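Computed from a predicted structure; not experimentally measured.
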Amino acid sequence: MSHARPEPEIPSRKDAYVPSPRDSEQDREGAERSPAPREGPTRPQRLPRLVTAVVFGLLCLAGFAIMVNGLLGAALVFFGEAVLSALILTVVGVIGFWVLRRIRPVRPPSTTYSLLALLWGMTAAVGLALIANGNLMTIWNTLGGLPFGEAWGAALSAPVNEELLKVTGVVLIAVMAPHVLRGPVDGFVIGALVGLGFQLVEDFTYTMNVIPMVGGIDGPASVLQTLLVRVGLTGLGSHWAMTAVAGTAVGLMVAASWRPGRRHGLRAALLLLVAMGVHWFFDSPIIEGIVGTVLKSLLVFLVAMIVYFVVRHTHRSRVRRVLAEEGEELGMRRSAAMALANRHGRRGELRRAAYPERPAVARRQERLVDFAEDRASEYRVPFRE
C-alpha cells in the first residue's frame, strides 16, 4: 500500500472494526474483542414502523382523492392549460428536488424517503388542508363577517392547519425510517421536500382557479402569469422554506429520542412557532402589492437560511470531530479522516487508493461516515467536545 493511501497498512485495531450506528462505548469495546454483524430491528421495533407506514399510505390516498375531486373538473375543462401548468411545475419540481437534496451536508438523504416526503406534501397535506382551511374560513366569515374573513381568513387558517399537516409527514417519516431522519439537518431537508410537494400542487391549483376568474380567455397566458408570480416572485420563500424550519424542530426531537430536555424542547417549540409565524405574515394583508409580496418572500427565505446555516455548521463540525476521533483509533491520518466529511474529500481520498482496493475503501468510508453522522445527530447526552 502506498504512502498516499487514506488507509494504514495495519490498522491500530486488530480487526479494523468500525463501530455501527448507535453503538454504546461498552458495545464498541465488546465488538473489538468479538465483532458481530449488525442486526435488523426487532419485532417490537418493526410494529410501530409498519403501522406508521400504513397510516402514511392511507392518508396519502385520502389526500389524493380529495385533491382529485377538487381539481379534476377544472383540469378537464381547461385540459391544455392544465397540461402546460403540469409540465412547467414538473420542471420546477425536478430542479427543486435536486437542489434541496444537494444542500444536505456530508451526503444526500435517501432517495426513497425523499420521494415519500414529496408525495406527502403533494397528496395528504394538500388534501387534508383543503378540508381544514374550508371549515376554518367558514368560522372566520361567521364570526367576523365576510370582509374580515376575506382579509384575514388565510392568515388565521393556513399557518396552523397547513404547517401542522405538513410537519406531520416529517414526523411519520422519522418514525418509519429513524436511519434517514436522525437530527436537525435531516429534519430541515425532509421538511423542505414536504413543503416543495405542497407548493407544487398549490401552484397548480392557483393556475386552474385563475382561468375562470378572467373569463376563460387566453388561458395559457393566465397560467404563465400565475406561475411567474408563484414561482418567480414567491417561490424562493414559500412552503418549502416554512416546512424546512418546522421540520428542523422534528429533527431536534428525534435527536433527543423524543425526550428532549428543557433547552431542546424550547428550541423545537420555537422553531415550529417561527414557521407558523412567517406563514402568518406571508398570508396576512400587511404590506400588500408586488413589493410587499417580494419582501415577505425574502423574509421567509432569510429565516430558513439562518436555520439552515446554523444546523449545517453544527452537523458538519460534529461529523468532522467524530471522524477525527475514529480515524485516530483506526490509525488514519487526521486530514484523511476529516476529508470524509464532504463529497469532494471522499472522492479525493478514494482516488488515492489503489484501483483494485477502491470498492473496499469506499465501503469503509461509508461505514465511517454513517457512524459519524449518527454520533453527530445524538442529542440525548452532552456531545463530547
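Taking a 6.0 Å sphere around CZ of F281, one finds it holds more than 12 heavy atoms contributed by other residues, nucleotides or ligands. Applying the 6.0 Å contact sphere to CZ of R334 captures no more than 12 heavy atoms from other residues, nucleotides or ligands. Residue H313 places its NE2 atom among 12 or fewer non-hydrogen atoms of other residues, nucleotides or ligands, all under 6.0 Å distant.
Between W240 and F188, the ring planes are perpendicular. Angles over 60° get that label, and only those under 30° would be called parallel.
With respect to the salt-bridge test (charged N to carboxylate O, under 4.0 angstrom), the residues D374 and R318 do not qualify. We find that R104 and E373 are joined by a salt bridge, their nearest charged nitrogen and carboxylate oxygen being less than 4.0 Å apart. Between E288 and K296, none of the side-chain N atoms (NZ, or NE/NH1/NH2) sits under 4.0 Å from a carboxylate O, so this pair counts as no salt bridge. Under 4.0 Å is where a charged nitrogen must lie from a carboxylate oxygen, and between R375 and D370 no such pair does.
Distance check: H315 NE2 to S377 OG gives 7.0 Å after rounding to the nearest 0.5 Å. The structure places CG of L224 at 5.5 Å from CG of L84, a figure rounded to the nearest 0.5 Å. A distance of 8.0 Å separates CG of L116 from OG of S110, quoted to the nearest 0.5 Å. Here the CG atom belonging to L323 is positioned 11.5 Å from the CZ atom belonging to R316, to the nearest 0.5 angstrom.
The two residues T52 and P48 make their nearest non-hydrogen contact at OG1-O, 2.6 Å. Minimum interatomic distance between F78 and P212 (heavy atoms only, all atoms of both residues): CE1-CD, 4.1 Å. The two residues V300 and S238 have their closest heavy-atom pair at CG1-O, 4.2 Å. The two residues V245 and L271 have their closest heavy-atom pair at CG1-O, 3.4 Å. A pairwise comparison of heavy atoms in L136 and S157 identifies CB-OG, 3.4 Å as the closest pair. Minimum interatomic distance between A125 and L165 (heavy atoms only, all atoms of both residues): O-CD1, 4.0 Å.
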- I would like to know whether D283 and W152 meet side-chain contact (heavy atoms from CB on, under 4.5 Å); could you show each step before the answer? CA-CA 8 Å; D283 285 346; W152 288 97; over 6 Å; no
- Please assess E326 against R321 for the test salt bridge (charged side-chain N to carboxylate O under 4.0 Å, His left out), listing each intermediate value before the final yes or no. CA-CA 9 Å; E326 294 303 315; R321 199 171 304 140; over 6 Å; no
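Following chains of ILVMFWY side-chain contacts shorter than 4.5 Å, one can reach L76 starting from M208, so the two form part of one hydrophobic cluster. In this structure, L266 is not a member of the same hydrophobic cluster as V254, with clusters built from ILVMFWY side-chain heavy atoms closer than 4.5 Å. Cluster membership check: V180 does not share its hydrophobic cluster with L50, using side-chain heavy-atom separations under 4.5 Å among Ile, Leu, Val, Met, Phe, Trp and Tyr. Taken together through direct or relayed side-chain contacts under 4.5 Å among Ile, Leu, Val, Met, Phe, Trp and Tyr, I286 and I290 form part of one hydrophobic cluster. Transitive grouping of hydrophobic side chains (ILVMFWY, heavy atoms separated by less than 4.5 Å) keeps L87 and M122 in distinct clusters.
Connectivity analysis of hydrophobic side chains (ILVMFWY, heavy atoms under 4.5 Å, direct or indirect) links L302 to I306.
Note: F148 and W140 fail the aromatic proximity criterion, with ring centroids not under 6.0 Å apart.
Applying the ring pair (Phe, Tyr, Trp, His ring centres under 6.0 Å) test to pairs two or more places apart or on separate chains, those with a residue in residues 242-274 are H264-Y379. Counting only residues at least two apart or on different chains, the side-chain hydrogen bond (donor to acceptor under 3.5 Å, both in side chains) pairs with a member in residues 189-217 are S85-T207, E202-R230, E202-H239, D203-R230.
Proximity of a side-chain donor or acceptor of K166 to a complementary backbone N or O of A244 within less than 3.5 Å is not detected.
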